[in-house]
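These values consider heavy atoms only, across backbone and side chains, with no hydrogens, waters or symmetry-generated copies. Just so we're on the same page: letters track the sequence lines, and every chain starts at 1.
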Amino acid sequence: MSHESQTPSFSTTRRDASCGELRRHDAGRRVRLCGWVDRRRDHGGLLFVDLRDRWGRTQLVFDPDRLGAEVFAEAGRLRAEDVIAVEGAVRERPEEARSDKLATGEIEVHVERLELLNRAETPPFPVSASAREGDDVAMETRMRYRHIDLRRPVVQQRLIFRHRVVMALRQALDALGFVEIETPILTRSTPEGARDYLVPSRLQHGSFYALPQSPQLFKQLLMVAGYDRYFQVARCFRDEDLRADRQPEFTQLDLEMSFVDEEDIYRTLEQVLAEVWQRCKGVQLERPFARLRYDEAIARYGSDRPDLRNPLEIRDVTDVAARSPFGFLAEAAAAPRTRTEPGGAVRALRVPGAADRLSRKELDALGELVAPTGAKGVGWIKVAEGGELRGALRKGFPDALGAALRERLEAQPGDLVLVVADRNADVAAAACGRLRETLGRQLGLVDTSADRLVWITDFPYFEYDPETDGYIACRHPFTQPAADSIDRLEDEPLAVRTRAYDLVLNGSEIGSGSVRNHDVEIQKRVLAVMGYSPEESEQRFGFLMEALRSGAPPHAGAAIGLDRFCALLLGLDNLREVVAFPKTTRASCLLTHAPAPVDPAQLAALGLRIRSDVSVGE
RNA sequence: GGGGCCGUAGCUCAAUUGGUUAGAGUACCGGACUGUCGAUCCGGUGGUUGCGGGUUCGAGUCCCGUCGGCCUCGCCA
């Protein structure tokens, strides 16, 4: 899984070595070891105990011929997870008794003295790595006994891997002149868009701190303060519903630089991440990373976080479909762009050689797959041996249209072509994106042998919000609008693009960032588009505006979702696997039973009273 | 807030159409065993089937409620 870091010396007052380091050349040494009883194999007249710590396992031999009867009897009473200290002689194992399953398999320690440091209750589930496979312990049980779960070698390796990732990041950033600075946890609400966790103030009844959703504003203030290059391994809090890839508190690698543009952020992060791959996975990352403009990503992959390991690509066939005798094709193609609608489109996905790989039933099921995107259905055409088209949709592309379609898609005999038409191009794109993802996986087209990173750039600044008939920022509103679209801020907000970027790894967004507004006038105009009056802007973000007026350098930054990043690097799909003390989907900690009711006196001190007539969520 | 799945021994699971005394592996306890490494062999303990109610001659199984966990849509970068 990972590269061993160098083992430090374990010589302390209680032990001479860890359980993972003794080798054949240590034979003859007298050593003291400490650890947990991993497993014991009791032969009556001879007793083996595997002693475990986080560095490995070492076989202990209790031989009554070399041991007092009392000590041997004491050894016989050892049970899994008892904590012991032993002293004995390292011996090379007999040839036939060597084990290649253990790094220490060539030696064993013949115990002469045994000290039981602490007796352990029978654990609720096995800690030993050599427990039977396939009997995965339920996450609920693991979280309830997390201190024991965390003792399992697989879990330890994950957290240690995470540590190595963080260390690689820290060292790489330090080498580049970055300064790690902590920002407040008790702060005030920042406009990140999520619900805040609130902390009541004892000294000011009725006022609340908010836990930060990110250090966004603080890091901008640090740029204003002249700190040039800042980073932080920052805890962030968002009080929203949970998912496998979402915890209520999570960690970001947060960074910000002054006197830079996008390119500097790209180069910096690429260098820092290459360091992580190098040191944590032993892999040389290809640099620079790939780049895609947002509209290009949507057009070719139907997603703003495409998995580039999937070779399938979407093509636009709107112009061909516009001439189709099929009404739904021609109408979708002709749907006009309006103030709030992007216009219609017909998109096609060619799946090479797949004409015979999907059954009629599977093809019909694609419609359901695509339904959540709002698409009405999926048409399909197969390219037969002679090049002629097959399937119900072929009549929608007669004669020259069929040829045009084949040419556009570079379709070969044996190919399957999936077509989605919609009066909203975004829907057609999203539907094709889903088809691409699902078929790529289902047909085994995704090349999982290498990690693929890609920057997504040139996002639209605003999104139309039908509920308020207004505009909301797609990213966050402190991003600079792209220079060549800034004039459209007031008259055509949807045409404005941001200087924001996402970093996508194997189809998952692992980070995002932007070039910030350092010009207070532009910042005001952006907030105005979002419906903030100058007074409101000043009231909510006054401290930022003030800072921007006080000598703010041009600055830009980014943040990497560290938990998700580590999970992806380890090929895990649940953040809980890389978080030491994770929470459930209801945001409780099964180990500490947080959140919990508090003493009435505590509430009184805060000036709070719990109303029983208001249910949760109201 | 909505949807889906799940809850049986410490753990991982089984239990026919609603049927009689709820089983297995492992863990645990006891015994045997001097080269094992998932030790092996023999024996044994262990159950409020999450909780509450209902239907039924009869409920682990069906229905309602509730608690908890997981996944997911909304929400959230």
Return yes if some donor-acceptor pair links the side-chain N/O of A:R152 with the main-chain N/O of A:A129 below 3.5 Å, else return no. no

Pairwise 5' ranking along RNA chain B for A:K101 and A:Y145, keeping only the more 5' one: A:Y145

Position toward the 5' end of RNA chain B (nearest nucleotide), A:T141 or A:T122: A:T141

Determine which nucleotide pairs with [N], using a 3.5 Å limit on both distances of a Watson-Crick or G-U wobble pair.
{"N": "B:C13", "value": "B:G23"}
{"N": "B:G60", "value": "none"}
{"N": "B:C29", "value": "B:G43"}

Using atom [atom1] of each nucleotide, how far apart are [N] and [M] to the nearest Å?
{"N": "B:U8", "M": "B:G44", "atom1": "P", "value": "26 Å"}
{"N": "B:G31", "M": "B:U36", "atom1": "P", "value": "24 Å"}
{"N": "B:G10", "M": "B:U45", "atom1": "P", "value": "15 Å"}
{"N": "B:G68", "M": "B:C29", "atom1": "P", "value": "34 Å"}
{"N": "B:U12", "M": "B:G69", "atom1": "P", "value": "16 Å"}
{"N": "B:G1", "M": "B:C13", "atom1": "P", "value": "30 Å"}
{"N": "B:A32", "M": "B:C62", "atom1": "P", "value": "48 Å"}
{"N": "B:G46", "M": "B:C28", "atom1": "C1'", "value": "9 Å"}

Among A:R57, A:R151, A:R54, A:R79, exactly one meets salt bridge (charged side-chain N to carboxylate O under 4.0 Å, His left out) together with A:D38. Which residue is that? A:R57

Spatial distance of atom [atom1] ([X]) from atom [atom2] ([Y]) [nearest 0.5 Å]:
{"X": "A:L51", "Y": "A:R39", "atom1": "CG", "atom2": "CZ", "answer": "14.5 Å"}
{"X": "A:L575", "Y": "A:D563", "atom1": "CG", "atom2": "CG", "answer": "5.5 Å"}
{"X": "A:I456", "Y": "A:Y501", "atom1": "CD1", "atom2": "OH", "answer": "14.0 Å"}
{"X": "A:L255", "Y": "A:F231", "atom1": "CG", "atom2": "CZ", "answer": "9.0 Å"}
{"X": "A:L211", "Y": "A:T187", "atom1": "CG", "atom2": "OG1", "answer": "9.0 Å"}
{"X": "A:D50", "Y": "A:K101", "atom1": "CG", "atom2": "NZ", "answer": "10.5 Å"}

Selection: residues 40-49 of chain A, any non-hydrogen atom under 4.0 Å of RNA chain B: A:R41, A:D42, A:H43, A:G44, A:G45, A:L46, A:F48

For the residue pair A:F48 and A:F62, is the inter-centroid distance of their aromatic rings smaller than 6.0 Å? no

Mind checking [X] for me? I need base, sugar-phosphate or nothing, with any heavy atom below 4.0 Å counting as a touch.
{"X": "A:H593", "answer": "nothing"}
{"X": "A:A138", "answer": "sugar-phosphate"}
{"X": "A:S99", "answer": "base"}
{"X": "A:E81", "answer": "nothing"}

Nearest whole angstrom, please: distance from the [atom2] of [N] to the [atom1] of [X].
{"X": "A:R77", "N": "B:C29", "atom1": "CZ", "atom2": "C1'", "value": "15 Å"}
{"X": "A:D136", "N": "B:U26", "atom1": "CG", "atom2": "P", "value": "18 Å"}
{"X": "A:D50", "N": "B:A39", "atom1": "CG", "atom2": "P", "value": "8 Å"}
{"X": "A:F125", "N": "B:C28", "atom1": "CZ", "atom2": "C1'", "value": "16 Å"}
{"X": "A:F62", "N": "B:G35", "atom1": "CZ", "atom2": "P", "value": "18 Å"}
{"X": "A:D100", "N": "B:U36", "atom1": "CG", "atom2": "C1'", "value": "15 Å"}
{"X": "A:E108", "N": "B:U34", "atom1": "CD", "atom2": "C1'", "value": "12 Å"}
{"X": "A:D38", "N": "B:A39", "atom1": "CG", "atom2": "P", "value": "9 Å"}

Are A:R77 and A:E74 close enough for a salt bridge, meaning some N to O gap below 4.0 Å? yes

Would you call the rings of A:Y197 and A:F237 parallel, tilted or perpendicular, where under 30° means parallel and over 60° means perpendicular? perpendicular

For nucleotides 68-74 of chain B, 5' to 3', base contacts (B), sugar-phosphate-only contacts (S) and non-contacts (-) with protein non-hydrogen atoms under 4.0 Å give SSBSSBB

Is it the case that B:C37 (base atoms only) and A:R93 (side chain only) share a donor and an acceptor within less than 3.5 Å, ignoring hydrogens and angles? yes

Between B:A77, B:A39, B:G30, which one does the side chain of A:Q252 approach most closely? B:A77

